Amino acid sequence: MADPKGFMTTPRREWPRRPVEERVRDWDEVYAPGALLPIITEQADRCMDCGIPFCHDACPLGNLIPEWNDLVARDDWRAAADRLHATNNFPEFTGRLCPAPCEAGCVLAINQPAVTIKNVECAIADRAWEEGFAPPRPPDRLSGKTVAVIGSGPTGLAAAQQLTRAGHTVAVFEKDDRIGGLLRYGIPEFKMEKRHLERRLEQMRAEGTWFRTSTAVGRDIGADELRARYDAVVVATGATAWRELSVPGRELAGIHQAMEYLPLANRVCEGDLERSPLSAAGRHVVIVGGGDTGADCLGTAIREGAASVTQLDIYGRPGEARDEDAEPWPTYPTRVYRLSAAHEEARDLRTAPAADADARLFAASTLRFTGDAAGRVRALHLTEVDERRRPLPGTGRALPADLVLLALGFSGPDRRDGLVDQLGLALEPRGTIARDAGFATNVPGVFAAGDAARGQSLVVWAIAEGRAVAAAVDRHLTGTSRLPAPVSPHDRPMSV
């Protein structure tokens with residue numbers, strides 16, 4: 001604990017964002033370059049080094065937060081990087097993308113703004129790359145065992161890196177043309193520039209991990225063939241089966257799933273396309289769904305030059321502070337009003353005349369869509385709802401809409417490529433892959449991890465599952481394992 005009074009004398013300061021008018025004209029990350037390091041040492045000093053650090057339990061990775069806070073406060077960046085990487089393969093991802101349940105569990109958060117844990121983590125990760133503190137770590141010897149990892153999102157990449165470093169020969173199979181899964185084609189560039197992903201992939205290649213792109217297991221290569229060629233298989237395909245909105249008019253042209261829309265914008269940033277075929281430019285956009293994916297669509301539509309953008313959230317507007325009765329400390333408060341970068345942009349630019357402030361209409365439920373004679377959507381009809389989602393009489397209205405984006409979440413792995421059926425994997429009633437306490441499926445030698453088995457979750461849970469399934473596979477192949485297993489398949493976030 002570098003400064004025992006830091007939490008009393010230093011106010012919380014977060015990584016400042018670039019001005020809205022500047023950042024919406026490009027696809028660069030929203031944060032001001034170089035503005036984090038000058039404030040981060042003081043912010044790390046706010047950590048109280050409390051006797052029972054609940055931030056450990058709030059984070060499924062078990063990050064050693066007080067330790068690396070103290071090391072940063074003492075300007076020992078190399079040691080801080082070592083402690084950070086001891087529990088997290090990809091802190092540059094989580095430092096940008098995670099909603100920071102660790103901060104909700106910070107003891108200081110009982111009565112003060114929490115330590116800026118997420119910002120400290122990001123600063124350490126970036127400094128580690130700049131100073132060469134994250135070199136490739138190839139294994140000293142090979143085990144002679146082979147593993148196929150299906151899916152290259154954060155779960156698949158974490159599992160692959162852990163297993164490669166343990167000495168196994170690992171091949172990652174990805175159905176898209178580039179590695180990264182949702183990190184590549186689901187997360188907009190303004191939230192995480194893909195150079196961070198590329199840098200980590202180069203490290204993994206140097207360590208010995210093999211990557212095979214444009215290969216959908218179940219379609220381009222048979223699942224049985226894969227099982228015959230590899231000693232173990234890890235299914236980490238994510239939960240890509242999107243939820244539908246079954247209301248009248250859904251068949252109209254111009255209504256798309258968020259994950260049909262977002263990847264095209266990412267491909268423009270990659271240079272594959274000059275313009276997205278689903279571009280929001282000049283169009284009235286309505287986003288159905290109030291979560292992070294909806295916010296990603298919001299920020300993307302703003303940058304594409306939409307005429308207006310409105311986001312519908314079926315839940316009522318949450319309060320500004322934690323509801324201590326419903327979601328007491330140290331649980332993560334899901335129903336708190338938060339202003340993401342995209343919502344800040346929508347507020348300042350007034351992209352949604354129909355909304356009160358930041359493009360969101362709360363307690364709003366879609367009734368139907370109507371279109372023109374050509375079969376294109378032209379309006380979304382909605383109603384206000386009460387806390388039990390029952391329509392309130394007399395509150396119906398229509399919003400102009402020539403592009404509607406559905407961001408309603410995901411139910412489990414997509415079965416259209418045939419992987420689940422070819423392997424004969426058992427499923428849970430909700431559509432996710434069934435597994436035992438050791439991440440093993442009903443098929444010998446096949447393991448499942450991440451959103452495909454857990455259901456949609458946070459990036460920290462994805463990485464934690466990747467690390468844990470790697471330990472299970474290592475034990476299956478060798479009889480024992482020294483790899484860490486931070487979570488079990490049945491672990492869940494802290495709740496009341």
Side-chain angles (χ1 to χ4, degrees), residues 89 138-139 142-184 200-201 204-205 207-240 413-426 432-436 438-454 462-463 465-478 481 483 485 489:
N89 295 72
L142 295 178
S143 67
K145 301 293 185 179
T146 58
V147 183
V149 175
I150 308 172
S152 66
T155 297
L157 292 180
Q161 185 166 64
Q162 292 292 95
L163 288 165
T164 297
R165 289 175 172 178
H168 308 303
T169 300
V170 181
V172 178
F173 292 81
E174 169 56 51
K175 64 180 179 2
D176 282 320
D177 59 339
R178 292 183 178 90
I179 294 294
L182 287 182
L183 295 170
R184 173 76 66 182
R200 194 58 84 169
L201 293 176
M204 293 181 66
R205 289 187 181 97
E207 291 172 347
T209 301
W210 293 84
F211 295 103
R212 288 191 59 179
T213 57
S214 302
T215 306
V217 179
R219 187 177 65 239
D220 299 317
I221 181 173
D224 287 340
E225 179 185 349
L226 203 69
R227 285 189 64 206
R229 288 169 50 186
Y230 291 88
D231 297 309
V233 174
V234 176
V235 179
T237 54
T240 54
D414 190 343
R415 298 178 63 176
R416 290 175 297 180
D417 58 17
L419 170 64
V420 169
D421 295 326
Q422 287 184 25
L423 284 174
L425 296 175
T432 54
I433 299 173
R435 55 191 179 166
D436 64 16
F439 294 88
T441 69
N442 61 303
V443 181
V446 178
F447 299 78
D451 289 5
R454 174 174 290 274
I463 296 172
E465 287 237 344
R467 291 171 66 86
V469 76
V473 173
D474 187 36
R475 188 175 301 108
H476 166 75
L477 295 175
T478 65
S481 181
L483 294 177

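Owing to the predicted nature of the structure, the values given are computational and were not obtained by experimental measurement. For reference, positions follow the sequence shown, starting with 1.
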Could you check whether any side-chain N or O of Gln422 sits under 3.5 Å from a backbone N or O of Gly218, counting only pairs where one atom can act as donor and the other as acceptor? yes

Answer yes or no: is there a side-chain heavy-atom contact under 4.5 Å between Tyr230 and Val170? no

For Ser152 and Gly181, work out which heavy atoms get closest and say how close. OG-N, 3.4 Å

Drop me the distance from Arg200's CZ to Leu157's CG, to the nearest 0.5 angstrom. 10.5 Å

If we only count heavy atoms from C-beta on, is the Leu183 to Pro154 side-chain gap below 4.5 Å? yes

Could you work out, with side chain to side chain donor-acceptor pair (under 3.5 Å) as the rule, every residue matching Glu207, not counting sequence neighbours? Gln161, Arg165

With sequence neighbours excluded, residues passing side chain to side chain donor-acceptor pair (under 3.5 Å) with Thr432: Arg430

Within a strict 4.5 Å, meaning less than it, do heavy atoms of the Arg227 and Val443 side chains meet? yes

Report the C-alpha separation of Asn89 and Gln162 in whole Å, then their side-chain angles, then the decisive distance to 0.1 Å, and conclude whether the side chain to side chain contact (heavy atoms under 4.5 Å, CB included) test is met. CA-CA 8 Å; Asn89 295 72; Gln162 292 292 95; 3.1 Å; yes

Could you tell me the separation between the CZ atom of Arg435 and the CZ atom of Arg454, rounded to the nearest 0.5 Å? 6.0 Å

Between Lys175 and Asp414, is any pair of side-chain heavy atoms under 4.5 Å apart? no

Any sub-3.5 Å donor-acceptor pair from Thr155's side-chain atoms to Gly466's backbone N or O? no

Nearest 0.5 angstrom please: Thr441 OG1 to Ile433 CD1, how far? 7.5 Å

Shortest non-hydrogen contact between Val420 and Pro413, atoms and distance: CG2-CG, 4.4 Å

Positive for side chain to side chain donor-acceptor pair (under 3.5 Å) with His168, one of Thr209, Thr146, Asp474: Asp474

Any sub-3.5 Å donor-acceptor pair from Asn442's side-chain atoms to Gly424's backbone N or O? yes

Show the numbers, then the answer: is there a side chain to side chain contact (heavy atoms under 4.5 Å, CB included) between Val147 and Leu477? CA-CA 9 Å; Val147 183; Leu477 295 175; 3.7 Å; yes

Atom CG in Leu419, atom CG in Asp417: separation rounded to 0.5 Å? 5.5 Å

Within the structure provided, determine whether Val235 and Val446 are in side-chain contact (heavy-atom separation under 4.5 Å). yes

Do the non-hydrogen side-chain atoms of Ile150 and Leu226 ever get within less than 4.5 Å of each other? yes

Please say whether more than 12 non-hydrogen atoms of neighbouring residues, nucleotides or ligands are located less than 6.0 Å from CZ in Arg416. no

Taking every non-hydrogen atom, the tightest pair across Ala166 and Leu483: CB-CD1, 4.1 Å

Point-to-point distance, once rounded to the nearest 0.5 Å, from CD1 of Ile179 to CZ of Arg212: 11.0 Å

For the residue pair Thr213 and Asp176, establish whether any side-chain heavy-atom pair is separated by less than 4.5 Å. no

Interatomic spacing from CD in Glu174 to OG1 in Thr215 - rounded to 0.5 Å: 9.0 Å

Heavy-atom closest contact (Ala232 atom, His476 atom, distance): CB-CD2, 4.3 Å

